[in-house]
*Asks:* 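Structure in structure tokens, see below.
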2 protein chains.
Amino acid sequence: MPTIKDVALQAGVSATTVSRVLNNRGYLSEELKAKVYGAMKELNYRPNELARSLSRSKSNIIGLIIPHVSHPFFGELAGHIEDHAYRNGYKLLLCNSQLDKSKELDHIDMLRASRVDGIIMGSHTLEVEAYNQIHLPVVAFDRKLSDDIPYICSDNYKGGLLATTLLVDKGCRKLAHIGGHPHLNVLSLERYRAFQDIVEQRGIWHTSLHTDINGFNFHEYERLLEVLFQEHPDVDGIFASSDVIAAYALKACHESGRRVPEDIKIIGYDGISLRGLLTPSITTILQPIEAMGKLAVDLILEQVEGNSVVMEHVFPVELELGGTT
Amino acid sequence: MPTIKDVALQAGVSATTVSRVLNNRGYLSEELKAKVYGAMKELNYRPNELARSLSRSKSNIIGLIIPHVSHPFFGELAGHIEDHAYRNGYKLLLCNSQLDKSKELDHIDMLRASRVDGIIMGSHTLEVEAYNQIHLPVVAFDRKLSDDIPYICSDNYKGGLLATTLLVDKGCRKLAHIGGHPHLNVLSLERYRAFQDIVEQRGIWHTSLHTDINGFNFHEYERLLEVLFQEHPDVDGIFASSDVIAAYALKACHESGRRVPEDIKIIGYDGISLRGLLTPSITTILQPIEAMGKLAVDLILEQVEGNSVVMEHVFPVELELGGTT
DNA sequence: GCATGTATGTCAACCGGTTGACATACATCT
DNA sequence: AGATGTATGTCAACCGGTTGACATACATGC
């Protein structure tokens, strides 16, 4: 690959001048610019971003750590993040943590070594201390990591309220909740808190199952549903904390001869675009995924520019009625 | 962030020595290593990968260009590629082309400027010439770009054969094929060729619709199905060139009161893991997505190491019977 | 006639590592 | 005693850009 010196030679100017043209600094005649750009084109020259990043101490790379891109929710989120980063001249380094602590730590280390300008954490299986030592712009999804790491989430409590209320109002009397492990300190647990508040307040029978709602091991969901129907065959309403789980619940109902929504009702959470693909389409709580991804990038950029940012970003949720309620 | 000089100072050795320890070059006593590693730990030091990459002329980054990660097939593929790249000490720079020529070109340019060690092309909307000018290790999915760019695909013709034969054998007499645009020079068109060969050979009525099978605009699929059922309400078999399209076909059938598989049969292609989520689960042609992603990374690594590689990699496909046939 | 703005050039330091060349010193082996 | 292996050090060049300092020269305005 040609270097700036090759371009300088070709154009008959100095390397400094080429750099000036490249960065539009100082006085530059149209003539000179044409000459330099011409030489670049002839040599098919691209400035070495590694060298630029090194001398500027800025890589224009954002790191993204999520459980796994193959999970529909995170795939969509990652897609929006890449789109928005690209529009702002940033590149995206993608990391799947697979919800494995050592992998997540490795990835954080690697991103720091790569001198990314910031990290978006969609996975956070570690202790808060680990995140405080990053010393880089960070944005977290769905978890408050510390007082100076901004976080983005949907209005989880409200979403849980809407979902549970709908099930109860539609006549469900034996409710099951399927959500994340309580020991993971994520904000989506608020959905469960809302569920509990409603069922207890209305005196409704309920049970709750826990799993990795952001995991990628979909077979676990199938087993979970099996267990649920075995232990509580007369459950008539399920609030699943992700659309993927809701989809598996729907499938389990079909396979066990339960009619949805007549015998049992199901509501999910997330609003992944694949929700419309199912029959019946699942009732769900919509999170504004695109806006959330876009904001994550913006919050990194603001921090990169040294601006102070608001720490808490709660996005409104919306109930979307489908055919499962 | 501390530099190698800070570590050297802290450990009371020279920067060269620290670099030696870091890269395990020359004679090093355990004592010295302990001293240097101790200093690194104290300072929370991470070598600057930008500087290393620059001086080694090797970034350990692989670029991946796909239509969009939010498309389930490419999300899964990207997931496996990241997993395997990570295991080999490589990082992944993710790019969504959105099947837009200028975006794809921009991304190629950007990856070249970032001095990635290789590019995996899952999107290729440009003319072959554009790819020949990359002058970097490249691997393509589902398209032969030139004589020296290795490519990976499934046995498309065989897949098309299996799919079409199944529909015919199960009694379908009015077949529709939904696949990619013929002007895109992709190998998946072989699926259509197999379809044509079978239906013509057996003298079966057929029609064909074209769309961006790798696109992300799922609403287009809905419109397409609407058109199909309006123009040919008596179609009794659909071969969709992706599972996502098959899923939309299934949905359209449900909504229009068609019974699947009694009134109409559907078969997809890809074998995305979400296929099991639908009811009935869709019959499909399985591609070994994980193995294909893994090979893409391996082919880049082989080229990076200067080894010659086999150019054509056709993976076997498998028919998976679901409930839609 | 001098200040100011425009247009280009050279030189060297710097970003943070890597690497080859060379020096030194001690231990061991023959 | 000399060769060889082990262990560390210094120095400088290099990767490919960026940037500040400084020099020069011509045009224009007052």
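Residue numbers begin at 1 in each chain, while the letters A, B, ... track the order of the sequences. Side chains are part of it too, since the values below use all heavy atoms of this structure and drop only hydrogens, waters and symmetry mates.
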*Asks:* From the set C:dT18, D:dG16, D:dT18, return the single nucleotide nearest to any side-chain atom of B:Asn23.
*Replies:*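 Nearest listed nucleotide: C:dT18.
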
*Asks:* Take atom CD1 of B:Ile4 and atom P of C:dT19, then tell me their distance rounded to the nearest Å.
*Replies:*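 One finds 11 Å between P of C:dT19 and CD1 of B:Ile4, rounded.
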
*Asks:* Figure out the CD/C1' separation between A:Glu49 and C:dC15, and round it to whole Å.
*Replies:*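 Those two atoms, CD and C1', are 15 Å apart.
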
*Asks:* Which one is paired to C:dC22, where only Watson-Crick or G-U wobble pairs with both distances under 3.5 angstrom count?
*Replies:* D:dG9

*Asks:* So does A:Tyr27 get a side-chain nitrogen or oxygen closer than 4.0 Å to the phosphate oxygens (OP1/OP2) of C:dT6?
*Replies:* yes

*Asks:* Looking at A:Arg56, does any N or O in its side chain come under 4.0 Å of the phosphate oxygens OP1/OP2 on D:dG17?
*Replies:*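 So the side chain of A:Arg56 is outside the cut-off, no N or O lying under 4.0 Å from OP1 or OP2 of D:dG17.
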
*Asks:* Please confirm whether any donor atom in the side chain of B:Arg20 sits under 3.5 Å from an acceptor in the base of D:dG9, or the reverse.
*Replies:*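 Pair found.
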
*Asks:* Cut-off 3.5 Å, side chains only: do B:Glu104 and B:Ser123 have a donor facing an acceptor?
*Replies:* yes

*Asks:* From D:dT18, D:dT6, C:dG17, pick the nucleotide closest to the side chain of A:Ser19?
*Replies:*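 Minimum distance to the A:Ser19 side chain belongs to D:dT18.
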
*Asks:* Between D:dA12, C:dG16, D:dG17, which one does the side chain of B:Thr16 approach most closely?
*Replies:*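 Of the options given, the side chain of B:Thr16 lies nearest D:dA12.
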
*Asks:* Can you check whether B:Arg115 has a side-chain N or O nearer than 4.0 Å to OP1 or OP2 of D:dC15?
*Replies:*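 Indeed not, no polar side-chain atom of B:Arg115 lies that close.
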
*Asks:* Whole-Å distance between D:dT19 P and A:Asn24 CG?
*Replies:* 12 Å

*Asks:* Does B:Arg52 put a side-chain nitrogen or oxygen below 4.0 Å from OP1 or OP2 of C:dT18?
*Replies:* yes

*Asks:* Which comes earlier along DNA chain D counting from the 5' end, the contact point of B:Lys33 or that of B:Leu54, where each point is its nearest nucleotide?
*Replies:*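 Checking each residue's closest nucleotide, the 5'-ward one belongs to B:Lys33.
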
*Asks:* Using atom types as modelled and distance alone, determine if a side-chain donor or acceptor of A:Gln303 lies under 3.5 Å from a backbone N or O of A:Val138.
*Replies:* yes

*Asks:* Establish, with yes or no, whether the OP1 or OP2 oxygen of C:dT10 is under 4.0 angstrom from a side-chain nitrogen or oxygen of A:Ser14.
*Replies:* yes

*Asks:* Any side-chain donor-acceptor pair under 3.5 Å between A:Asn96 and A:His107?
*Replies:*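 The criterion, which ignores hydrogens and geometry beyond distance, is not satisfied for A:His107 and A:Asn96.
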
*Asks:* Measure CG/A:Leu43 against P/D:dG16 and give the value in whole Å, please.
*Replies:*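 Going from CG in A:Leu43 over to P in D:dG16 covers 14 Å.
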
*Asks:* If we count only N and O atoms by modelled type, under 3.5 Å, do the side chains of A:Arg52 and A:Asn23 hold a donor and an acceptor together?
*Replies:*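 Their side chains do contain a donor-acceptor pair, which is all the 3.5 Å distance test asks for.
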
*Asks:* If we ignore angles and hydrogens, is there a donor and acceptor under 3.5 Å between the side chains of A:Thr16 and A:Ser19?
*Replies:*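 Side chains of A:Thr16 and A:Ser19: no pair found under 3.5 Å.
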
*Asks:* Base of D:dC15, side chain of B:Ser53 - is there a donor-acceptor contact under 3.5 Å?
*Replies:* no

*Asks:* Both A:Asn48 and B:Leu28 contact DNA chain D. Which one's nearest nucleotide lies toward the 5' end?
*Replies:* B:Leu28

*Asks:* With sequence neighbours left out, which residue pairs that include part of residues 133-146 of chain A fulfil the salt bridge (Lys or Arg N to Asp or Glu O under 4.0 Å) condition?
*Replies:* A:Lys144-A:Asp147

*Asks:* In this structure, how many angstroms lie between the P atom of C:dA21 and the CZ atom of B:Arg25, rounded?
*Replies:*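 It is 11 Å, rounded to the nearest whole Å.
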
*Asks:* Base, sugar-phosphate, or nothing for A:Thr3, non-hydrogen atoms under 4.0 angstrom?
*Replies:* sugar-phosphate

*Asks:* At under 4.0 Å between heavy atoms, what does A:Ser29 touch on the DNA or RNA strands: base, sugar-phosphate, or nothing?
*Replies:*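 Sugar-phosphate: the residue A:Ser29, judged by heavy atoms under 4.0 Å, touches backbone atoms but no base.
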
*Asks:* Please give, in whole Å, the distance from C:dG9 P to A:Leu9 CG?
*Replies:* 13 Å

*Asks:* Measure from CG on A:Leu50 to P on C:dT18 and round the result to the nearest Å.
*Replies:*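 After rounding, the reported distance stands at 14 Å.
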
*Asks:* Rounded to the Å, how far apart are B:Leu22 CG and C:dG17 P?
*Replies:*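 Going from CG in B:Leu22 over to P in C:dG17 covers 8 Å.
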
*Asks:* For C:dG9, does either OP1 or OP2 sit under 4.0 Å from a side-chain N or O belonging to A:Thr17?
*Replies:* yes

*Asks:* At 4.0 Å (heavy atoms only), tell me whether B:Leu32 reaches a base, stays on the sugar-phosphate, or touches nothing.
*Replies:* sugar-phosphate

